[in-house]
There are 2 protein chains.
Amino acid sequence: MSLNNSILSEIFKDVSFSQKEINLIESNIEKLSLKKGSTLLKAEEIVNNQYYVYEGCLRTYFIDKSGKEHTLQFAINDWWISDYTAFFTTTKAIMNIETIQDATLYKISRKSMEDLFCKIPQLETFSRKKMERAFVSFQKRILASLTQSAKERYVSFIHTYPNIEKNIKNYHIASYLGITTESLSRIRKELTNN
Amino acid sequence: MSLNNSILSEIFKDVSFSQKEINLIESNIEKLSLKKGSTLLKAEEIVNNQYYVYEGCLRTYFIDKSGKEHTLQFAINDWWISDYTAFFTTTKAIMNIETIQDATLYKISRKSMEDLFCKIPQLETFSRKKMERAFVSFQKRILASLTQSAKERYVSFIHTYPNIEKNIKNYHIASYLGITTESLSRIRKELTNN
DNA sequence: TAGGTTTATTACCATACATCAATTTCTACC
DNA sequence: GGTAGAAATTGATGTATGGTAATAAACCTA
């Protein structure tokens, strides 16, 4: 309700709305403030929402049978986050999401999205393009895991996310790269020695 | 032109069209027959098209600096294939696509798609949902590479693609799983021994 | 600033998978 | 149906990364 046009145009970049559309979107979106270390989503929960990250830092992670955590995604300003597998297929979450830094999010439900797609077709276009970008970045990551060593992946990680690195623990990075914190530590040592 | 409604409803599942729409789509889509071993796309080429696989089997692969091939994706009946990174971002291909079995494809250009999205909004919905499914399957693959051993990934591969396995070489599977053909061979031996 | 807790590093050894080099098995074609 | 070339297997050895445990550094918080 108190959302203004400038925030909406930040969330739905490159889309412009009429006043009526703005009101409609506002009534379907909810602002959320979370302290560092909060849990946004737990495995086994029903996933009805996705979240736009206005500020802060979150991560999506999977806990395997042996209890080890594997980070699928980090999200900072201007990213969207959810357990998209569960969100899209209407199944229970297998992922967990937590805040790594204090965060301000905008929450929108699947039902709202579908409703808005019908009423505001540019939103569906926006959403399709968002999926395309996400798809591309996942494709790059798969390729990296097929072709690069742990060291190469770490180097390209810190280049791709120079700002993230300040906020997050090394063991978060390690669990994203698919290696142990010990291995990451050795890689970092090697890199500073050269 | 000679495409009938039943083929279109196979390609664009769950979407129904008026006769006028059918004609419009037909004029934007092109049937393609390729012999096994043909090249559909080479790295460095401009990517203006994506392809629906009506029958046959293809693979998208990347060649790294050392000349090694890495298979990103297989495509069989009812899958879509392209170098989507290049297709979506209008950059040159980094992937190669070849037919592993004789194939019948339907080709559609980016320009045509965009045009059709405007004229037939259900197609945009279809395309968004297609991206969502692709995104989910890539997400699963990333998770698998983070959490599973080569053996586990192979076992889940042959469960997920029981039909593909008959058509393709082991070294294609190995390059998809991110291991060598020798390692795959040892894994297969272990599995038959147990 | 001290003291406790979390995070990162280091050392030593284990393991999964890679590499190289034969060898065997499969497959396509004359 | 026999034979050449491609594909798969096997053995011996190398290397990257993992696991465990101990230590050190960073970080809270009182």
Side-chain angles (χ1 to χ4, degrees), chain A residues 35-38 57 59 61-71 74 98-102 142 144-158 164-194, chain B residues 35-38 57 59 61-71 74 98-102 142 144-158 164-194:
Chain A
K35 284 279 160 209
K36 173 177 172 175
S38 315
C57 185
R59 70 173 184 127
Y61 61 100
F62 174 76
I63 302 177
D64 70 21
K65 341 153 200 135
S66 75
K68 232 178 300 171
E69 292 184 0
H70 304 272
T71 299
F74 295 107
E98 69 174 13
T99 49
I100 292 177
Q101 294 293 317
D102 292 0
I142 292 174
S145 84
L146 289 175
T147 60
Q148 299 184 315
S149 68
K151 190 180 185 176
E152 288 169 321
R153 277 178 281 139
Y154 173 66
V155 169
S156 94
F157 177 84
I158 56 179
I164 278 190
E165 219 219 349
K166 293 160 200 149
N167 299 320
I168 64 185
K169 307 291 180 199
N170 279 343
Y171 64 79
H172 288 147
I173 301 181
S175 82
Y176 177 90
L177 296 175
I179 58 177
T180 59
T181 70
E182 293 90 339
S183 291
L184 178 55
S185 186
R186 284 171 207 121
I187 287 169
R188 287 159 55 82
K189 189 184 181 187
E190 262 190 84
L191 288 172
T192 52
N193 288 351
N194 300 344
Chain B
K35 283 280 160 205
K36 172 178 172 174
S38 315
C57 184
R59 72 174 183 125
Y61 62 100
F62 174 75
I63 303 178
D64 69 22
K65 343 153 198 132
S66 75
K68 231 179 299 171
E69 293 184 0
H70 305 272
T71 299
F74 294 106
E98 69 175 13
T99 49
I100 291 176
Q101 294 293 318
D102 293 358
I142 291 174
S145 84
L146 289 175
T147 60
Q148 299 184 313
S149 68
K151 190 180 184 174
E152 288 169 322
R153 278 178 279 139
Y154 174 66
V155 169
S156 93
F157 177 84
I158 56 179
I164 278 189
E165 217 220 350
K166 293 160 199 149
N167 298 319
I168 64 184
K169 306 293 179 197
N170 279 342
Y171 64 79
H172 288 146
I173 302 181
S175 82
Y176 177 89
L177 296 175
I179 58 176
T180 59
T181 68
E182 293 92 335
S183 291
L184 178 54
S185 184
R186 286 177 197 114
I187 287 170
R188 286 159 55 84
K189 188 182 180 187
E190 262 190 84
L191 289 172
T192 52
N193 288 352
N194 301 345

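Predicted model only: the values in this text are computed from it and were never measured. Chain naming here is simple, since letters A, B, ... match the order of the sequence lines and numbering starts at 1 in each.
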Q. Over how many whole Å does the gap from B:Tyr154 atom OH to C:dA16 atom P extend?
A. 19 Å
Q: Take the protein atom OH of B:Tyr171 and the nucleotide atom P of D:dT9, then report the distance between them rounded to whole Å.
A: 13 Å
Q) Can you name the closest pair of heavy atoms from B:Arg153 and B:Gln148 and give their distance? A) NE-O, 3.4 Å
Q: Taking only Lys NZ, Arg NE, NH1 and NH2, and the carboxylate oxygens of Asp or Glu, determine whether B:Lys169 and B:Glu69 approach each other closer than 4.0 Å.
A: no
Q | Terminal axis angle for the helix from C:dT1-D:dA30 to C:dC30-D:dG1, five pairs an end, nearest 10 degrees | A | 50°
(Q) Does this structure show an ion pair linking B:Asp102 with B:Lys36, if we count only N-O contacts that are shorter than 4.0 Å? (A) no
Q: Quick one, give me the B/S/- string for nucleotides 15-24 of chain D, reading 5' to 3', where B means a protein heavy atom under 4.0 Å from the base and S means that only happens at the primed atoms, P, OP1 or OP2.
A: --SBBBB---
Q) Can you name the nearest heavy-atom pair linking A:Leu146 to B:Tyr176, along with the distance? A) CD2-O, 3.6 Å
Q. Over how many whole Å does the gap from B:Leu177 atom CG to C:dA18 atom P extend?
A. 10 Å
**Q.** Interatomic distance where CD belongs to A:Glu190 and P belongs to C:dT10 [whole Å]
**A.** 12 Å
**Q.** Gap between atoms NZ and C1', on A:Lys169 and C:dT9 respectively (whole Å)
**A.** 15 Å
(Q) Using side-chain heavy atoms (C-beta onward) and a distance below 4.5 Å, is A:Arg188 in contact with A:Tyr154? (A) yes
(Q) So, OP1 or OP2 of D:dT9: does either fall under 4.0 Å of a side-chain N or O from B:Asn170? (A) yes
Q.
What is the separation between atom NZ on B:Lys189 and atom P on C:dC17, rounded to the nearest whole Å?
A. 17 Å
Q) How many angstroms lie between CZ in B:Arg186 and OG1 in B:Thr181, if you round to the nearest 0.5 Å? A) 8.5 Å
Q | For atom CG of B:Asn167 and atom P of C:dC26, their distance in whole Å | A | 19 Å
(Q) Please find the pair of heavy atoms, one from A:Cys57 and one from A:Ile168, that lie closest to each other, and give the distance. (A) SG-CG2, 4.0 Å
Q. What is the distance, rounded to the nearest whole Å, between atom CZ of B:Arg188 and atom P of C:dC17?
A. 16 Å
Q: Considering non-hydrogen atoms only, spot the tightest contact between B:Phe74 and B:Ile173 and give its length.
A: CZ-N, 4.3 Å
Q) Roughly how far, to the nearest 0.5 Å, is CD1 of B:Ile187 from CD1 of B:Ile179? A) 4.0 Å
